[in-house]
Every structure is written in structure tokens, then in C-alpha cells.
Amino acid sequence: MDLGTTIIIVMLGLLLLGFPMMVPLASASVIAFAFFMPIPHQIIIQQMVSGISPVALIAVPMFIFAADIVTKGHTASRLIDLAMTFVGHVRGGLAVTTALGCTLFGAVSGSTQATVVAMGGPLRPKMLEAGYKDSFTMALIINASDIAFLIPPSIGMIVFGVVGKVSIGELFIAGIGPGVLILLLFSAYSVWYAKHNDIPTIPRRTWAERAKAVVNAGPAIMFPVLIVGGIYLGWVSPTEVAAVSVIYAIILEVVIFRSVKWSELLEIARSTGLITAVVFILVGAGTTFSFVISFAQIPQAVIGALALDSAGPYTILFAISIAFFIGCMFVDPIVVILVLTPIFMPLVNNAGIDPILVGTLVTLQVAIGSATPPFGCDIFTAIAIFRRPYAEVIKGTPPFICMLLLVAVLLIFFPQIATFLPETAFR
Amino acid sequence: EEWKFAIEESTGDVQDLYAQKFKELVEEKSGGDVDVTIYTYGQLGTENDITELTASGAIQFSNASPGHLGTFVPEIQVFGVPYLLSQNNDVNKDILSKSPTIYKGLSKDFESKGLKLYTMYPEGEMVWTTKKKVEAPKDFDGVKFRVMTSPILIDSYKSFGADPVALPWGEVYSGLQTSVIDAQVNPIFFIESAKFYEVTDYLIYAGQQQYTTTVVTNDAFYKGLSDDRKALLKDVKAELDDYIFKAQADLNAKALDKIKEAKPDIKVIKLDADQRAKFEEASKGVGDKLVDEVGGDTQQVLTDLRDEISKKEKELGEM
Amino acid sequence: MAINTVANVVARLCFSSSLFFSEELNTFLIILVTFVGISEAARMGRHIRMSAFSDMLGPVASKVLMIIVTLGTALLLFILAYYSIDYVAGLVKTNRLTPSLRIPMYLTVLIVPFGLTVTGIQFVLAALTNILKPGVHLSYRVEDTYEDNLDTHL
Ligand code: NA
Ligand code: NA
């Protein structure tokens, strides 16, 4: 049996038997090194360590920490109460707020995992209180966080731009169209869902009441201002904003509101460390797995077998969509972009496809893949944060994944969704 | 027989041009007995990972640039010393491809890490992209300059008068866009492919440094090769020395044209000898500081290289 | 980690310079947190797994399966721990230093074999608990259930 077939069988078997997720991922590598690749086995560890070392990843634990602090304290609920005074009377208002919140936070943090944590942590309890089902709530949070990849700044687009030799500025602008489209679709679905399940609303507030809520939110309102403003005004980089939000969360909750004790901070830090470890060990194992796949040149073999080099533009675009989507179901999106982009770009250039369209499509697909079972990293993050069984976390995702795939298909047939903005701006 | 060659750059960049030509020549000269497989950036991990992979024998060849190679062979960091190399690139070509200081003097240091130095070549001049005009060290006052996390680069840019900033490369573009940083430095072909010119206004050639890279091979692998194969590798290297020197110059020239076409109002500044002298003067202490910090044979390597370079400059001219 | 990065931002904004070791320090902290954290996660039964199949089984079968899963996981972790000792030994041998802090590189990954081994032991303990005690156990202190509350903390 060849390497590819063997590891797929082993991985699926171990997965279904209920082994911890790191076991199928790491076993595939151990087997590949032991029986198929005559190279030193310590490289498994090298790749695992190097997979969790990128500087950009440190934003994730810091956002987890900040989100935990503001959820335990008052900031998160004050901000949500504030939002509710504006949208609480609309059916599905809270769900739409959640979708919008995830989009905005994701836009600046650039990390889908950090968004799941930072927005999902405080918003999920409120949605459950309001009567939304947990499966819907978790699926909405996970998938709305995906939009993070499409709205600038987006690390996925930067990596694609450099590897694929495409203008990053144009990519950034091209992502906005599909990003907004997804947000609209999710919002429409949320409103439909709320109507269908008869989620109660609260009475409409007067503007006086809303003004009062703004005052009540007090320094908490500075939190999103600091994060969004900090990035766009150039005070801090996206990684650094995570650190700034930790410090601001501590100042707010421990010093100003006094809602979290110093001793509790230690407990929160411990919980953050645990969640980080559970997610990062999978990022590390996934990196090793991807090393095996690219070392053995499996993607090249698959593309060769499919005779894609003579295919037309639509076939290539669908092949790209499927490849990136599947890739991200298993390993970190950035790694997938690095491995697959150089393999596909010659095909794209030969077929004369607009690379900006490809970049947008790839970014969309890696976002979808990250939220798709079995190994999508946003799903791991959600399980680690929300502490719900795997099956329940993924139960509500199909409608969202269908909407995202619909956008991908629309993008292939109507590239103007992406290319309209950059064409007006640049060409 | 399969030789695996991992590079630190993407398809179409200088290291890829080298690796592709290497593949072509090796496969042709070995009569098809050797297949060369090329892995581009990120496919087998980070720059550090691929050097480790070569050292452990998992792959046979990889590119390693001084910044990363410095953790294996610290002396190689001398190539980060500003104004060490000549303004005459023919001199640099000769030094990088033949220097006994590099190929003989440092070979023990490479061997002790499981590596053998195969070749060294320039990828083009390191060009500053900035938001304001910089023609003298005083113009760098308050400029947040992104450099790679390497102590020698940090020292250099401090000595030039800038404020060096560490930022992962994935954040450089948006960092320039939002002014978290004001400037960065890279060869022009990389500035083109990473689109840094989109978010800066000046391209400044200050002549302080060529971006150099090495190709290393696994030491045990090399020693185990037949004499035929060793001779083949030697021939290929000689041919590639000429090829890559021209190829990188063409690629960089083309990249500059592309930048000018994509952004006609970009200002390209070439510092003259007087202006360069000011920066050279300012950075005089950087080499000594490196010697202090790294120790080992660094002093010797630096002195020998300076001798070799000035001898070659007398032969070929300074410019 | 946050303090380190914020120190970096403050240093850059106020003192116009950067703490260059912050990058290396952060990477080191991430490795530390991950490999200490996985053993803690094993102790708390928090590793992510897909339980759909075992949830369908009867009590005896799922107990047997849990014993296989915990022992298998422990085996894998011990194999990885063994590999990681080789990895650390390789770094010791080549005596490489980190670029900014100039400390030996092997120190930054010393925690890896330790964390993997301790995590392996946690899974052995979980297997023993399943063998010796009634019920199905994810770890020696946690039974296989998800608590039904809204608390998102530990
Ligand atoms: Na973003
Ligand atoms: Na993933």
C-alpha cells in the first residue's frame, strides 16, 4: 500500500475510534517516517516545534486571556447590553450583532481562532439566554469568524500575495466584496432562524435610554475603539494589539471595575494556558503532517493524475477550491497556502485566470476549511473554549458551510464580486 | 538517485532561478541518473528548518542566508557588516564564488554542524523603501525601520540613525500601510513581489549591502559521493556562478521596471559616493561589535575578507 | 507574554527602540505553555476527540475502547518523547545559539521531552483508572461527561 492510502486509513480509523485528535495527526507522521521516508525521526519534533513558533501565533493565547478576563468581569456584558439597546427589538438582532462583532473583531485581529475566543466567549452565553440553540450559536460564531480572513489586514492574503506574486493591496480590497456578501447571508439566515424558532425580542428602546446605556458602558466602550483604532491608526501591529487588549482588560476589570480579583487572574491564566496547549499541539501535529505530505510530493502526484495542466479555467478554479478546502480541514491555513500556491500558480498563469480572483477564492476556501470537520482549527478552538462535545459543535455548521460554498461558486462565475472594487481603485 | 533541494524563496525568485538551473544542469550532466526535486519556501518549514533538514541528511541541498545560517556558523554574519563588499559587483562575484577565506577558512565550522558550503552568491543590492527622503544619517531621525531579527542588522540600522523595529514579515506590508513602521530593507526583486513599494514612496540605493545567500549540502552526503559526482558538482557550480550573477541582475532590473510601471510616482534615489561615505562612517563600529559579540574566528574572517576585497578592487576597479 | 509584547510596544512608542529579544522570548513561552499545558489537559480530560462512535457503544464496550484509546495515546506520546530526546540531543551536539539572546537553542526545547513523557504517564494513569474503577474515565480524575452549564471557565 502506498503512503497516501495508508495514512488516510490510519487517520480515519483512529479518529473514529475516539482517539484525541493529535493521535491520528501525529501517528500518520510516525508511520510515514518509520516505513516510507528514510530520514531522521527527530524531524517530526522539529516540525512540531516550528509549527507553533511563528510570532503571529502568539496573538491567539493573548486574545484568549483578554476575552476570559472581560467575560468574567463586566466589560463584555456592558458592551453587549449596549448593543442590545440598539438591536434588541429586531428579530435575530443578537445573532446579527454576533455576526457583525465577529466580522469586525476578525477584521483587525486577522485570526479566526482569536475571534472565536474573543467574541464567542462573551456572546455565546447571551445568545443561549435569549433562546438560541447552542448548535446554531456555536456554528454562527465559528463561521462568522471566518470572515476575518477576507477583511484586511489578512495574513492569509499577505502570504498568498508574496508566494503567488500578486498585489497585496488589490487582494485586500478584493476580499471586502465577498466578506460583506457573507455577512449579509449570515445575517439573513440569522433573522430567518430567529423568526422560525420564535426567539423573543425586547421592546424597542428610546434614544434617551440608548444614550444612557452608552454612558453606562463607560470605559468599556474604549475597548473596541482601542483595538480597531489602534490597528488602523498605526499605533500597534495586529499581534501587538492582542497584548494591549490584555493590559486594558486587566486595568478595566481588576483596577477600575474591581470585578475580577488578582487571585482570579491566576486561575484565568491557567485556563488560558490549557486551552492554548490543546489547540497548539494540534497546530504542531498538523505542521508535521503537512511536512510529510509535501516531502512525499503528494499534491503534485494528485494534480498530475488529474491531468489539470490541460484543463480550462473553470476546472482549475474548482480544483483550487477543493484542494484548499480539503487542505484546511487538516492543517493550518497559512501552511496550506505555502504548500499549495506554488503548485497551482503555473496552472493559473497558463490558463490566463486573474490572480486576484484566485487569491480571493483561496482566502475564502481556507477560511471555510478552517471551520470544517474533521480537523478545522476553529472547531478545535470552539471545543476547547466552549467545552462541548465534538458532535454538538459541528451539528449546526452545515447551513453555514453551504452558504460559504455558495459564495465560492458565485465568485467563480461572477468574479466581479471580488474584482469590482480593486478594478475601480487601481486599474 | 534523487537529490532534494529546498530554497527559502518562492517560484520565480533568485534562489528558484538558481535551483531550476542547478536541476537542469545536474540532470543533463548525470545523463538522467540524478533527479533533482525542488521545494520552495514554506513547503518543508521555515528557513531554519530547511538548514536543519540538510544538516540531518533528510535533504541534500538547501539555501541558507546569513541571518539564519548565523545560528549554525556565526562567522558568516560578517556579510551583514555594512559596506564590507565592494561597489563593483564584479569584485563581489569573484569574492563570493572563489574566496579562500570563505571556502577554505570556514569549512571546518560548516563540517562541525554536518554541513558543507557548496556556493555563495549575491541576490541583489539591499534597497531601502521609505516614506520620506533619506540621503544622510540625520534623515533617519525617528524613522521606525523594520529589519530582520538579527543583531548585526539591528546594530547597523541603529548606527545609521534609524530606530530598528522587529516585526514578523507577514506584518510588514500592513505595518507600512498603517505606519507602525516607516521603512524596510530588501533586494528589489523581493520588494516587487512582496509589494512593499505599494505602501512606501522612496526606493533608496545606499550601497551598504548585497543580499548574499549560500547553498549548503549535507557533509556526509558530499563525502560519500563518487569522484565523478564531485567533479560534476564542481562543473555545475562554475557554470552557475556566471549564470546566477547575470540572472539576478536581470531579475532585479526587471523588477525595478515593473515597480516603476505599477507606481510611476515612486522616487528612486541612488546615493552618490559622498552620501554613502557618511553612512559608512556612521556604521564604522558595527564590525568590531560583531567581533566582540560572536568571537570565534570572526576577527580573522573579517580582516581576511577586507584584504581580499581591496586586492580585487585594485585589479578590477572600485566602481 | 502580554507583558513582554506590551513592553515592546511601549519601548517603541516611548523610547523609539525595540526589545528585540521579545520575539525569541515569546516563542520560548509558547513552547513552554504548549508542552506543559498538554499534560495538564490530559489530567483534566480536556484533549479534543471525536466521541460520536464511542457514545453509541454500551458501557462495557466503551470502557474497553477507552482503555485501548488511553493506552494507544500513551504509546504514541512515549514514542514522540523518545524522538524529542534525539532532537534535543542533536541541538546539544551542534551547540547552536539563538540569534538575539544568544542562549543555547536546546534550552528552549528542553521542555518538549518532559511534557510529552508526563502527558504519556497521565494517559497510562487514565487507563489504570478505567481498569480498576467502575465507569468510563477520560483521565484519572475526570469521568467521560460534559457538564451542562454556561460557565466557559475551568
Ligand atoms: Na482580517
Ligand atoms: Na485547519
Side-chain angles (χ1 to χ4, degrees), chain A residues 14-23 26-27 30 40-42 44-46 48-49 52-53 55 57-58 61-62 65-66 68 71-72 121 124-125 128 235-236 239-240 242-244 246-247 267-268 270-271 273-274 276-278 280-282 284 374 380 383-391, chain C residues 1-6 8-9 13 23 26-27 29-31 33-42 44 46-55 62 65-66 68-69 72-73 76-77 79-80 82-90 108-109 112-113 115-116 123 146-147 150-154:
Chain A
L14 294 174
L15 188 70
L16 290 174
L17 286 174
F19 276 86
M21 292 281 176
M22 67 178 158
V23 177
S27 299
V30 170
H41 56 222
Q42 57 267 37
I44 293 180
I45 307 297
Q46 178 220 45
M48 207 177 260
V49 170
I52 59 171
S53 296
V55 193
L57 271 185
I58 64 170
M62 289 193 285
F65 192 45
D68 255 7
T71 312
K72 189 130 194 154
R124 175 170 162 266
L128 297 181
W235 299 334
V236 282
T239 306
E240 291 164 347
V244 173
V246 168
I247 302 298
E267 192 49 42
I268 296 175
R270 217 173 70 112
S271 148
L274 196 140
T276 307
V278 164
F280 277 28
I281 195 68
L282 294 171
F380 299 152
I383 295 171
I385 295 288
F386 303 143
R387 305 190 64 183
R388 305 307 303 165
Y390 189 85
Chain C
M1 215 169 319
I3 293 171
N4 183 25
T5 311
V6 168
N8 200 6
V9 176
L13 292 177
E23 208 175 297
N26 278 332
T27 300
L29 287 173
I30 281 283
I31 295 171
V33 166
T34 302
F35 285 89
V36 170
I38 53 169
S39 68
E40 180 73 2
M44 312 290 290
R46 289 284 298 272
H47 277 287
I48 297 164
R49 60 193 210 100
M50 202 162 100
S51 51
F53 177 67
S54 57
D55 289 349
S62 65
L65 183 61
M66 188 55 88
I68 296 172
V69 165
T73 307
L76 176 80
L77 287 161
I79 293 174
L80 291 175
Y82 164 65
Y83 291 173
S84 68
I85 291 169
D86 278 355
Y87 176 62
V88 175
T108 63
V109 293
V112 176
L116 289 168
F123 277 100
Y146 284 87
E147 62 269 59
L150 295 177
D151 187 5
T152 55
H153 299 285
L154 275 178

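Both backbone and side-chain heavy atoms feed into the values below; hydrogens, waters and symmetry mates do not. Residue numbers begin at 1 in each chain, while the letters A, B, ... track the order of the sequences.
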Once you round to the nearest 0.5 Å, how far does CE of C:Met44 lie from OG of A:Ser271?
9.5 Å
Those residues that, when tested against C:Ala42, pass side-chain contact (heavy atoms from CB on, under 4.5 Å) (two or more places apart)
C:His47, C:Thr119, C:Gln122, C:Phe123
C:Leu80 portion near chain A, given a 4.5 angstrom heavy-atom threshold:
both
Please report the interatomic distance OH(C:Tyr87) to CE(A:Met48), rounded to the nearest 0.5 Å.
11.5 Å
Where on C:Leu76 is there a heavy atom nearer than 4.5 Å to chain A: the side chain, the backbone, both, or neither?
side chain
Could you tell me which portion of A:Ile44 (side chain, backbone, both or neither) has an atom closer than 4.5 angstrom to a non-hydrogen atom of chain C?
side chain
Which answer fits C:Ile38, side chain, backbone, both or neither, if we ask what part of it has an atom under 4.5 Å from a heavy atom of chain A?
both
By ring pair (Phe, Tyr, Trp, His ring centres under 6.0 Å) - contacts of A:Phe19 (at least two apart):
none
Below 4.5 Å, heavy-atom pairs only: which of A:Gln42, A:Gln46, A:His41 has the largest tally toward chain C?
A:His41
Identify the two heavy atoms, one from C:Val69 and one from A:Gly18, that lie closest to each other, and give their separation to 0.1 Å.
CG1-O, 3.8 Å
side-chain contact (heavy atoms from CB on, under 4.5 Å) assessment of C:Val112 paired with A:Ile45
CA-CA 9 Å; C:Val112 176; A:Ile45 307 297; 4.0 Å; yes
Pick whichever of A:Thr276, A:Val30, A:Leu14 has the most heavy-atom pairs under 4.5 Å with chain C.
A:Val30
If you define the side chain from C-beta out and look only at heavy atoms, does anything of C:Ile31 sit under 4.5 Å from A:Ser53?
yes
